[in-house]
Amino acid sequence: MIFQILDANYVYDPDGFPIVQLFGTTPSGRPVTVQASGFRPYFYARIDERRIDSAIDGIREMGLSAEAVDRFRPVGYQRRPSKMLKVVAKDPKSVRDFRESVLSVPGVLEVYETDVLFKNRFLIDLDLGGMRWAEVEAGNGGSDLETAPAGSATIGPVPYTSLRPAGAGPAVAGGAEREKVPGAEARGGAKAIPNAPLRTLAFDIECLPLHGAMPSPETSPVIMVSLAFDPPYKGREDLVLVGRDLDCPRGDVLCCGGERAMLARFVEILKDYDPDVLAGYNSAEFDFPYLEERARRLNVEVRVGRDGGPWRVRKIVNQTRVEITGRIVVDLLPLVRSSFSLKRYTLRNASLELLGVEKHDVDPKEMEALWTSSGDDFARLVSYSRRDSYLALHLLTDLQLLDKYIALAQTSGSLLQDVIDGGQTGMVENFLFRKFQERGRVIPPKPDADLSSARAAQSSELKGGEVLEPKKGLVEDVLILDYRSLYPSIMMAHNLCYSTVVTDERPPSGGVVKPPSGGEFVLPGEAPGIVPGVLSDLLAQRTDIKRRMKSASEEERSILDAQQYALKILLNSFYGYSGYARARLYSLPLANAVTSFGRTNILNTKRMVEEIGSVYVRDGKALLPEEMASASGDSFPAVGEFKRFDLSVVYGDTDSVFIRLKPFGGSGVKPTLEEAELVGGKIAETVTSRLPPPMELVFEAFARRGLFLVKKRYALWVFEKVGGEWRDKIKVRGMETVRRDWCELTSKTLNRSLELVLMEGRVEEAVDLAKSVIDRLQRLDLRKDPEILEDLVLTRRYTKSTASYKNKQPHVQLAEKMRARGGPVPSVGDRVPFVIVRGRGLFVDRAEDPSYALENGLLIDTDYYINKQILPPLLRLLAPFGVSKEQLVCCPEQQRLFDLAPPGAAVAKGRAPSGPPAEGQEQKQKSLFDF
DNA sequence: CAACACGCCTAA
DNA sequence: TGAGTTAGGCGTGTTG
C-alpha cells in the first residue's frame, strides 16, 4: 500500500519503546495511520581513540548501547574519518539528558545529532519525507484499504523495515550516485505520483464585543462559527453554526441553542469531515487561542487530532503555534504576508487585492444589536460570518498557496507543517542531515545561546555583494544581463563546502582554491564537496522541470511551477544558511568565500564587457570585433552593411550588469529589439565561455530607456520576449512607487510620470501632472473630495513594542494615541495606516488614524504632502531634465505664499508669539530668504 | 549646518 | 520574530 506522508509523531508500546506513527493519505484521498516499531533514537559521540573501550563501558553502564563507528566531523576537509560511538537509547525523550552524561564520560570529546526530533530522525534514516509517497508492506488490511468502508484506517504496528520510499516526485531528492543522469527519470525509473487530494476546512469565529470593544475570551462568548469546505461536506460548501436558539430557515445555518453546544458541534463536524488541512485567517493569533479559552471555561473537549488528542495551542515569545496531530494547520495571514507585498494585511484588504472580492463588514458597535435581532438583521450577521470563512478558503485554494509549501516539503524532506511554520533553516538542515549521512559526516547540535551570540558578533565580518555606482540620469538602449543562480553556481564552480574548507588538514596533493576572501578549499579532484553536489542535483532537477513545463498542461504546469520555485528557494538557501549565526553548520570562511568570488566576478564582468568594447551586427548575426575583422579579411565591409554598438556598463548589482549600447558614429542607428537580443546573447555567451561552469551570464531583457537615480533605485522601459512576442513594460526598482511607506498618491503620480518620461519622452506632461496633483492638494477639501483620503494613507510596520523604540515614529505615536482612546490597537507586526494632519508640533506627533481624522473633521497637512510626499520623488525624477521646484509649484500668489510657508505655519499664526519657534521652522524661515 | 543614529523598506 | 544573508537610500530628529 502506498500513502503520502502528511504528519508524524510517536507513542510508546507497553514496554516503553517508541512506535512511530505516520499519518498519511492514500492516492484516493483516504486518511491512513501507519505505525512502525523497532526504530530507536541515537546520537554520536567523538572519542579519544585510545580510550574507546573504557568509554564504551562507561556509556553501557548508563543503560545505553554503544557501538564504535567511523564518521567525519561536520566542518573541515578531513582525509580520514574520526572514531565515534553511535549511542542508542530506548526513549527519545531521554536523549537530551544522556547527552550531558555521555559528555562527562572520560574520553568523550564532543557529541553530535543529539537534538534531532525523533520523527525527523525516523524520516531521515528511512529516506522518507513530508508529502512524499511511502510504501508499506501491510500483511492485513493494507491492500483492500481503498475499497473498505469509509473512515480512516490504521495499519500496524509493522516493523519499521517494512517501510520504504515509493515513487518519486520530480522534486524528491535522489542519492549521490545518480549525479550522472540528471532529472526525474534518474531515480531508478521511479514514476512521479501525483499529490493525493487534500480535504480542506476553513473556519472563522465571531465573538460578541462588549460595547464595541475588542472581545475578550474571559467575558465575551463565541457567537458564531463559520465553516467552508473543499470538497463539500454532505453536499454543502459552507455552514454557519450559531450559538443561540432561533428558527433557522436555512439548512446551511445550524442553530445550536448556546455557545457550549455550538462549540461541541464544531468539534463534531471537524472529526466527521476529517480534514487534512484546517485553515483560518489570523487563526493562530486569534481564533484558536480564543476557542481554547472558551472551550476550557465551558468544559468542551477539543480532541480533534487523528490520534484522538486535542489541538495544541502553544504561545511562543511573540507568536502562537497551533498543532493538530495528523492534520495541517494553516494560518493564512503569515502565508499571505510572506507571499505578497501589500500595504495592509487585513482579511478585507487581502481579499480585495488578491481575490478581487469585497468583504462584508459589520461595525463592532452594531454587533450586539444584530445578535439579539432576528430576520434580515440577523441574516446580515450570518452572511458576514459566512463570508469570512469563504474568503479564507479561497485565499488558500484560488491562490494555490499550499502548492509551493508542498513542493518545499517534498524537496527538503521536512514535514509540511514544519515548512509552513518554520523558515529556511529547518529545510536546509533536514536536507543536509540526509546528504551528510550518505557521506558519513555527522552534524552538530544547534548552537547554544552563548555560541550563537558569539557568532552574531563575529558575523559583521561577513561581506555581501558588490553594487556598482550607476551612471546617473537617462540612458537609452540598455541590455540587462544577469547571472543564473550566482551564489549556488559559485559554490559549484569552486567546490566551496563545509567538507572542503581547509581547517587543519591539507590534501595530499596540496591542490586548493584560494578565494579572494582568504582561506583555502580543496579541489574537487581531492574531495568533491557535499553542498556543491547537492546544488548540482537541485539545479539539474530545476532545469529539467522548466523544460517539462513547456509542454505541460495547465494543471501540470502549476504543480511543476511550484516545484521549480521550491528548488530555487532551496538552491539559494544554502549560502544564507552558512552565514546564519544560529545554524548547526555555520561557516564564515565558506560564506565569505562565496560573496568574495561574487564581488570579483561582477567587477570582472564589467571589465570583460568593456574590453570587448563593441559588438557588430551583420546579416542577422552578432560578431565580436575580432570576428568581424577575421570574417572580412582585408576589406572591411562598407558602412551600411553592418551596425556597430559600443558597450559601456552603466550599472550592476551583485549578479547583474546593465550595458548601454551606443550606436557607433554620428550616423549610428539605434538597435532594433532583435538586434539588441542578438548583441545581448553574444555578450552573455562570450563572458560565460570565459568562466568556470556552471557559472552562466544570461541575457534577460532590453530597455529602450532607463533612468538610474542612485544605487538600487532605477526605472526601465523594458522589452521582454514572451513566447516569441515582444512585451513592454515599466520596471521600477527601489523607487517610491514600490515602497509601502509612501502614500498611493505618490506612487500613482510617480508611476504615471515614469511612463510619460520613459515611454513617451514627454517631460512637460510629467511636469503638468505634478503641477495638477499639487494644485489638487492645495485646494484640498476633504468634505468635497473624501476619496482622496485613501490616496494619502501611509503605512508602516509596527515592528517592536513601544518601549523598545529609541526614537519617536509616527506610526508608534499613533498606536499610543489609539490605545489611550480605548479603541482597537495595532499589535506588534501589524502595518499601521496613518495620514498626517495639520497642527502644531513634530511630524511624528501628527500621524492620525485615517478614519478618525475623517470622522473628527481633522485637516490634512497638505504642506506635508506637497513638500514631503510629492515634490522630493518627483524632483528626483525630473531634476535631471532641468525641472526645478518652482516650476512644479506655480499657482496663485496667495497659495504660493502658503505653500512656501513651513508646515504648521497656519497654526503658528495663531500661536502665542512668546513660544520659541521649533527648530525645523526656523530652518524653513531662513530658507524663505533664498527665494 | 553637517554629521550622525535610528527606523523602515527594498535590491539582490 | 523559536530567525537565511548584506548593501543601500532616505526621512526624521538630535547633536555639536
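Chain letters run A, B, ... following the sequence lines, proteins first, then strands; residues in each count from 1. Small disclaimer: the values here were computed from a predicted structure and weren't measured.
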Is it true that A:R96 and A:D115 have a side-chain N and a carboxylate O under 4.0 angstrom from each other?
no
Shortest non-hydrogen contact from A:V793 to A:P833?
CG1-CB, 3.6 Å
Give me the distance, rounded to whole Å, that separates C:dT1 from C:dT6 when you measure between the P atoms they each carry.
16 Å
What integer number of Å spans the P atoms of C:dA3 and B:dG7?
23 Å
Please tell me which of A:V828 and A:S573 maps to the more 5' nucleotide of DNA chain C, matching each residue to the nucleotide holding its nearest heavy atom.
A:V828
Side-chain H-bond candidate by donor/acceptor type, [X] with [Y], under 3.5 Å:
X	Y	answer
A:E816	A:T802	yes
A:K404	A:S339	yes
A:N349	A:T346	no

Just one of A:Y714, A:F702, A:F699 clears the ring pair (Phe, Tyr, Trp, His ring centres under 6.0 Å) bar with A:F658, so which one?
A:Y714
Ring pair (Phe, Tyr, Trp, His ring centres under 6.0 Å) pairs, two or more places apart, involving residues 581-601 of chain A:
A:H494-A:F597
Heteroatom pairs (N/O) under 3.5 angstrom, protein to nucleotides 7-9 of chain C:
unit_1, atom_1, unit_2, atom_2, d
C:dA7, OP1, A:G464, N, 3.2
C:dG8, OP1, A:K711, NZ, 3.0
C:dG9, N2, A:R739, NH2, 3.3

Quickly work out the A:F431 CZ to C:dG4 C1' distance and round it to whole Å.
16 Å
Expressed in angstrom and rounded to an integer, what is the separation of A:Y345 atom OH from B:dC9 atom P?
10 Å
Does [X] put a side-chain nitrogen or oxygen below 4.0 Å from OP1 or OP2 of [N]?
X	N	result
A:R831	B:dC8	no
A:T425	C:dG4	yes
A:Y864	C:dT12	yes

Using a 4.0 Å heavy-atom cut-off across all strands, classify A:D653 as base, sugar-phosphate, or nothing.
sugar-phosphate
Hey, does A:V738 reach any base, or is it just sugar-phosphate, or nothing, if we go heavy atoms under 4.0 Å?
sugar-phosphate
Is it true that A:F340 and A:Y345 have ring centroids separated by less than 6.0 Å?
no
Please report whether the ring centroid of A:Y487 lies less than 6.0 Å from that of A:F574.
no
Could you go through the side chain to side chain contact (heavy atoms under 4.5 Å, CB included) check for A:R584 and A:F433 one step at a time?
CA-CA 10 Å; A:R584 292 168 186 271; A:F433 264 108; 3.8 Å; yes
Between the two end axes of the helix from B:dC1-C:dG16 to B:dA12-C:dT5, each built from 5 base pairs, what angle do you get to the nearest 10°?
30°
By the definition side-chain contact (heavy atoms from CB on, under 4.5 Å), identify the one residue from A:V698, A:T605, A:I659 that meets it with A:L481.
A:I659
A:Y805 six-ring face occupied by A:K800 cation (under 6.0 Å, within 45°):
yes
Looking at residues 795-813 of chain A, who's got a heavy atom less than 4.0 Å off DNA chain B?
A:R796, A:R797, A:T799, A:K800, A:Y805, A:K806, A:N807, A:Q809, A:H811
A:R733 has its side chain closest, among C:dA3, C:dT1, B:dA11, to B:dA11
Residue A:S459, side-chain atoms from C-beta onward, closest of C:dT12, C:dG11, C:dT6
C:dT6
Sorted by chain and number, sequence neighbours left out, side-chain hydrogen bond (donor to acceptor under 3.5 Å, both in side chains) with A:Q869 holds for A:T746, A:Y864
Residue of the set A:R846, A:R838, A:R840 for which salt bridge (charged side-chain N to carboxylate O under 4.0 Å, His left out) holds with A:D861
A:R846
Check each residue of residues 576-587 of chain A for a non-hydrogen atom within less than 4.0 Å of any atom in DNA chain C, then write out the ones that pass by number, or none.
A:G576, A:G579, A:Y580, A:R582
